Amino acid sequence: MPKTERWQWYVERFAQTEEHAHAIEEVYYAGQTPFQSVGVIRTPVFGKMLILDGDTQSAQADEKIYHETLVHPALAAVRDPAQVLILGGGEGATLREVLRCSSVERVTMVDIDGRVIELSKKFLPEWSAGAFDDPRARVVVGDAVRFLDESKEHYALIISDLTEPLEDSPSHPLFCAAVFSGIKTRLEEGGLYVLQASTAGVHNCALHAKMARTLRAYYSHVRSFYTHVPSFDNDWAFIACSDAIDLAQLSAATIDRYVGALRGENVFYDAETHRRLFALPLYLRRELEKPGDTF
């Protein structure tokens, strides 16, 4: 029997010559919002998956690898994380991870696509795990640029969980000088900005390096870190930006205290993992050191 006879397949195209495929057990939703196409499926290997514009956003089996990496190194480093802002993050998992920290008094999440939020609540409730109903959470359905322009609030930590700044993505207009300046003006003194920052494989780290080069014009410390996310079938990068905090130098004792005080248990991040996240391979360090284009 041919291996493909039993299954329908979700095929994610990374490039013209590269595709990754997942067998589909069930389709919960497939449709179009005013901003992007959305799919929610279940696969035999990774469980439920959220797909936006044909790209995997997160999967049930390993979304905590991604979301703990995005949130906790930065949150552990901020001295007083009372006010946190999330840009994007419609599934609610980034919100969930931030709210595990008892020092957070309010977290504001701004996502342009309310339909993704509602679909995630309906089909992916494990991702948010009640975070949308937490009294410390404020969810704003709207444009992040407008929110940054109109808001007068300041935040100890700003987390960008937006899609990559590809030309066909609704996040593309957000990767520009006006937005970077707006984000920096909304940071408290000593604050930190962290963002998901594209692929970090030996064959596809150029976009990440371009993002890092761009952000060096705005912050004294711009640190890349990365990990492998199995459902992405790729190494995935993040960037931490601050004028006061070098996230790569965060001490093990600080991380241990922070993780020990979190509500619930981590599945991925701790002090030992932190060292691994910031131990970049030689090819990536070389790419980051190269001169090149910026946004």
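As a basis for the values below, the full set of heavy atoms in this structure was taken, side chains included, without hydrogen atoms, waters or symmetry mates. These numbers come from a predicted model, not from an experiment.
- Within 6.0 Å of atom CZ in Arg146, 12 or fewer heavy atoms from other residues, nucleotides or ligands are found, so the atom counts as exposed in its surroundings.
- The environment of Arg285 atom CZ is dense: over 12 non-hydrogen atoms of other residues, nucleotides or ligands sit within 6.0 angstrom.
- The shortest side-chain heavy-atom distance between Trp7 and Glu25 falls under the 4.5 Å cut-off.
- Rounding to the nearest 0.5 angstrom, the gap separating the CD1 atom in Ile112 from the CD atom in Gln36 is 9.0 Å.
- Nearest heavy atom pair, residue Ala137 against residue Ala131, reads CB-O, 3.6 Å.
- Proximity of Ile183 to Leu87: side-chain heavy atoms (C-beta onward) are separated by under 4.5 Å at one or more points.
- Taking both residues in full, the closest heavy atoms of Ala197 and Met211 are given as CA-CE, 3.6 Å, listed atom of the first, atom of the second, then distance.
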Are Cys241 and Val194 close enough, and set up right, to give a side chain to side chain contact (heavy atoms under 4.5 Å, CB included), and what steps lead you there?
-> CA-CA 6 Å; Cys241 308; Val194 65; over 6 Å; no
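- The OG atom of Ser231 sits 9.0 Å away from the CD atom of Glu12 when rounded to the nearest 0.5 Å.
- Arg115 pairs by the salt bridge (Lys or Arg N to Asp or Glu O under 4.0 Å) definition with nothing, not counting sequence neighbours.
- We find the CD1-OG distance between Ile117 and Ser128 to be 10.5 Å, quoted to the nearest 0.5 Å.
- A distance of 7.5 Å separates OG1 of Thr227 from CG of Asp235, quoted to the nearest 0.5 Å.
- Judged purely by atom type and a 3.5 angstrom limit, Asp111 uses its side chain to pair as donor or acceptor with the backbone of Gly90.
- If you chain together hydrophobic residues whose side chains sit under 4.5 Å apart, Leu85 and Ile159 never meet in one group.
- Under the 3.5 Å distance criterion, with hydrogens and angles disregarded, no donor-acceptor pair is assigned to the side chains of Tyr226 and Thr69.
- Side-chain N or O atoms of Thr185 include one that pairs as donor or acceptor with a backbone N or O of Gly182 at under 3.5 Å.
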Just do the ring-ring contact (aromatic ring centres under 6.0 Å, His included) check on Phe278 and Phe238 with the steps written out, would you?
-> CA-CA 10 Å; Phe278 286 87; Phe238 307 81; 9.9 Å; no
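- Between Glu153 and Arg138 there is a salt bridge, with a side-chain nitrogen of the basic residue lying less than 4.0 Å from a carboxylate oxygen of the acidic one.
- Arg42 places no side-chain N or O within 3.5 Å of a backbone atom of Ile24 that could act as its donor or acceptor partner.
- To the nearest 0.5 angstrom, Gln196 atom CD is 7.0 Å from Ser198 atom OG.
- Residues Tyr10 and Val27 form no side-chain contact, since every pair of their non-hydrogen atoms from C-beta on lies 4.5 Å or further apart.
- Between the side chains of Gln32 and Ser37, no donor-acceptor pair of N or O atoms lies under 3.5 Å.
- Ala156 and Pro81 make their closest contact through CB-CA, 3.9 Å (heavy atoms, listed as atom of the first residue, atom of the second, distance).
- Residues Tyr66 and Asp161 have side chains that bring a donor and an acceptor to within less than 3.5 angstrom of each other.
- In this structure, Val38 is not a member of the same hydrophobic cluster as Met49, with clusters built from ILVMFWY side-chain heavy atoms closer than 4.5 Å.
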Step by step, would you call Ser103 with Asp80 a side chain to side chain contact (heavy atoms under 4.5 Å, CB included)?
-> CA-CA 7 Å; Ser103 298; Asp80 182 17; 5.7 Å; no
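- The closest donor-acceptor contact from the side chain of Arg100 to the backbone of Arg263 lies under 3.5 Å.
- Distance alone, capped at 3.5 Å, is enough to place a donor-acceptor pair between the Asp243 side chain and the Ser220 backbone.
- With rounding to the nearest 0.5 angstrom, the CD1 atom of Ile65 is 15.0 Å from the OH atom of Tyr269.
- The cluster map of Ile, Leu, Val, Met, Phe, Trp and Tyr, joined by side-chain heavy atoms under 4.5 Å apart, puts Leu124 and Ile51 in different clusters.
- Considering Val84, Leu262, Leu70 in turn, Val84 is the only one that fulfils the side-chain contact (heavy atoms from CB on, under 4.5 Å) rule with Leu75.
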Derivation and outcome, side chain to side chain contact (heavy atoms under 4.5 Å, CB included), residues Val107 and Leu99 | CA-CA 8 Å; Val107 53; Leu99 288 168; 3.5 Å; yes
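- Note on Leu162 and Leu195: same hydrophobic cluster, where clusters join Ile, Leu, Val, Met, Phe, Trp and Tyr whose side-chain heavy atoms are under 4.5 Å apart, directly or indirectly.
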Verdict with reasoning, Trp9 to His22, per side chain to side chain contact (heavy atoms under 4.5 Å, CB included) | CA-CA 6 Å; Trp9 294 83; His22 299 271; 5.5 Å; no
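- A salt bridge is defined here as a Lys NZ or Arg NE, NH1 or NH2 lying under 4.0 Å from an Asp or Glu carboxylate O, and Asp55 with Arg13 fails to meet this definition.
- In this structure, Arg223 contributes its side chain and Ile239 its backbone to no donor-acceptor pair below 3.5 Å.
- Scanning all heavy atoms of the two residues, the minimum distance from Leu52 to Gln57 falls at CG-CG, 3.4 Å.
- Although no hydrogens or angles enter the test, the distance criterion places a donor-acceptor pair under 3.5 Å between the side chain of Ser242 and the main chain of Ala244.
- Not one N or O on the side chain of His274 forms a donor-acceptor pair closer than 3.5 Å with the backbone of Pro73.
- At distances below 3.5 Å, not a single donor-acceptor pair connects side-chain atoms of Asn266 with backbone N or O atoms of Phe268.
- Between the side chain of Thr214 and the backbone N or O of Phe295, at least one donor-acceptor pair lies under 3.5 Å.
- Transitive grouping of hydrophobic side chains (ILVMFWY, heavy atoms separated by less than 4.5 Å) brings Ile245 and Val259 into a common cluster.
- Listed by first then second residue, pairs satisfying ring-ring contact (aromatic ring centres under 6.0 Å, His included) with a partner in residues 177-196 read Phe175-Phe180, Phe180-Tyr218, not counting sequence neighbours.
- Remark: the His208 side chain and the Thr199 side chain contain no N/O donor-acceptor pair separated by less than 3.5 Å.
- For the residue pair Leu280 and Ser224, the shortest heavy atom distance occurs at CD2-O, 3.7 Å.
- Ion pair Arg96/Glu126 not flagged as a salt bridge, since none of the NZ, NE, NH1 or NH2 atoms sits closer than 4.0 Å to an Asp/Glu carboxylate oxygen.
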What do the steps show when you test Glu91 against Ser120 for side chain to side chain donor-acceptor pair (under 3.5 Å), and what is the final call?
-> CA-CA 5 Å; Glu91 311 104 302; Ser120 298; 6.0 Å; no
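- Surrounding CD of Glu26 are more than 12 heavy atoms belonging to other residues, nucleotides or ligands, all under 6.0 Å away.
- Classification of Glu289 and Arg286 as a salt-bridged pair fails, no side-chain N sitting under 4.0 Å from a carboxylate O.
- Results of the side-chain hydrogen bond (donor to acceptor under 3.5 Å, both in side chains) test with Glu97 over His67, His72, Lys64 single out His72 as the only residue that passes.
- Closest approach of Asp149 to Arg186, counting heavy atoms only: O-NH2, 4.2 Å.
- Within the 4.5 Å cutoff, the side chain of Ile86 has heavy atoms near those of the Val98 side chain.
- Listed by first and then second residue, the ring-ring contact (aromatic ring centres under 6.0 Å, His included) pairs involving residues 117-155 are Tyr28-Phe123 (not counting sequence neighbours).
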